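Read the numbers this way: they start at 1 and go in the same order the structure lists the ligands and their atoms. Counting begins at 1 with the first residue of the sequence. Please read these numbers as outputs of a predicted model, since none were measured by experiment.
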Amino acid sequence: MSERTADLGVLGMGTMGASLALNFADNGGFTVALGNRTVEKAYGVRDENPELAARLVPTDSIEHFVSTLKSPRVVVLMVNAGKPVDDQMALVLPHLELGDILIDAGNADFNDTVRREAQVKPTGIHFVGMGVSGGEVGARHGPSIMVGGDKAVWERLKPLLEPISAKFDNTPCVDWLGPDGAGHFVKTIHNGIEYADMQMIAEIYGILRDAVGLQPQEMADIFADWNRRDLQSYLIEISALVLAERDPDTGGALVDLIVDEAGQKGTGRWSVIEAQKLGIGATTLEAAVSARGVSSRRQERAEAARIFGNVTTARAEFHADHDGLAELEHALVTAKIIAYAQGYATLAEASREFSWNLPLGEIARIWRAGCIIRSRFLDDITRAYEAGDVVNLLHAPSFTARIEAGQESLRRTVAKAALAGIPVPALSAALAYFDDYRRARGTTNLTQGQRDLFGAHTFRRLDREGVFHHRWPQA
Ligand code: 6PG
């Protein structure tokens, strides 16, 4: 029987699980039990990190794993979302007791987390859905952590999670965000915003590459310069790194050799499904997810290119001089504000729908470091919420000023790209959302008339109270 020496245990020694376990041992100073279906991987994590070996306890079975844990136990699952989580839960739950905590730290669909938490609650074991953002490096050295579940359980987890989280101005980028699936929901929206951010960067890259004709190193320099101002962010920084990287085999730009088919494990897609279910138009996030879908049909696109060729004769009016680049930079800043406003509108509506009372300003605060969308921009969002209640980020004074300053740049960029036949679906969606959102008199009055004509769905009138059905002439 093993001694109960481990402060917590991590099940799943994949990239993220191993990194998180090492972070708990290294930055947390905790003794960490390591569990994995393939036992050798657990021993491998210890043997590959001799400097931390004294705090790493590889285990041979689930029974052995649980037997090493101090009580009340804390078990962190880091396995692929979906059935693997249910399978691991079925394995470990029978060995846990009243008061123990089981954390799902993977990219779970928050609906699954709500179900699992309700399933486990009667046993007296606490189930926690926890979003972890920052990729492998973040998991190892300091992720942004979004915790859901019972707040009382958060008080027990705080001493474990604060030491391993990313820090911004010395404050930990981890917090309890709300009950049941709140943590995983916030992570899902983080990923939807991440997709939008990455897509808009790719669209500007497409303009610089295809309309201006720049080489990867020239574009790397531009992104590195933009990273010194409003666009300062991890994603802009790594875009410059990816563009500058040379292929060791050919000596050419590696980015030019990468196949243009984007993968997606699902979280971005979930974010737009949930936005739609909440009736929120997260159109820029939707465009980003759709763009990944279109990119994955590479053979079809090659055939379509043969059929249609270059569909426009319009010369691309983009230039890499100071004004030309400033226009693209301001267009990206403006579209980014709009995309984040959509993500935040989804968070706000979910908070109302699920009675979570999400701390929207706090969410921006813990996203300022460690996570994939970390940026100076999130500090502005934090301050906007600190300044008072925000109906929508587009109404926040610090953002309205920037949009007023940059919306013409976005408009010209989208218009010129359209005329040049360069696809900018996310930038276009951001502009259209802005124009739609700021229009006091829209056009869905016609939609309401159509719906009432063919479906008697009724409509309201501007000039009087009530709900009306009109006897329309039939087509
Ligand atoms: C993060 C990232 C990460 C990402 C996966 C899968 O916050 O660390 O968002 O969780 O979701 O690397 O990426 P895709 O969703 O693009 O497949």
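- A salt bridge does not link Asp86 to Lys83: none of the charged nitrogens lies less than 4.0 Å from a carboxylate oxygen.
- With respect to the salt-bridge test (charged N to carboxylate O, under 4.0 angstrom), the residues Arg376 and Asp380 do not qualify.
- Annotation: ligand 1 has protein neighbours Asn107, Ser133, Gly134, Gly135, Lys187, His190, Asn191, Glu194, Tyr195, Gln264, Lys265, Thr267, Arg292, Ile372, each with a heavy atom less than 4.0 angstrom from the ligand.
- The cationic atom of Lys336 (NZ for Lys, CZ for Arg) lies less than 6.0 Å from the six-membered ring centre of Phe377 and within 45° of the ring axis.
- A salt bridge does not link Asp7 with Arg55: every distance from a Lys NZ or Arg NE/NH1/NH2 to an Asp or Glu carboxylate oxygen is 4.0 Å or more.
- Judged purely by distance below 3.5 Å, without hydrogens or angles, the side chains of Thr188 and Asn191 never pair a donor atom with an acceptor atom.
- Cation-pi check for Arg365 over Phe168 is not met; the charged atom does not lie both under 6.0 angstrom from the ring centroid and within 45 degrees of its normal.
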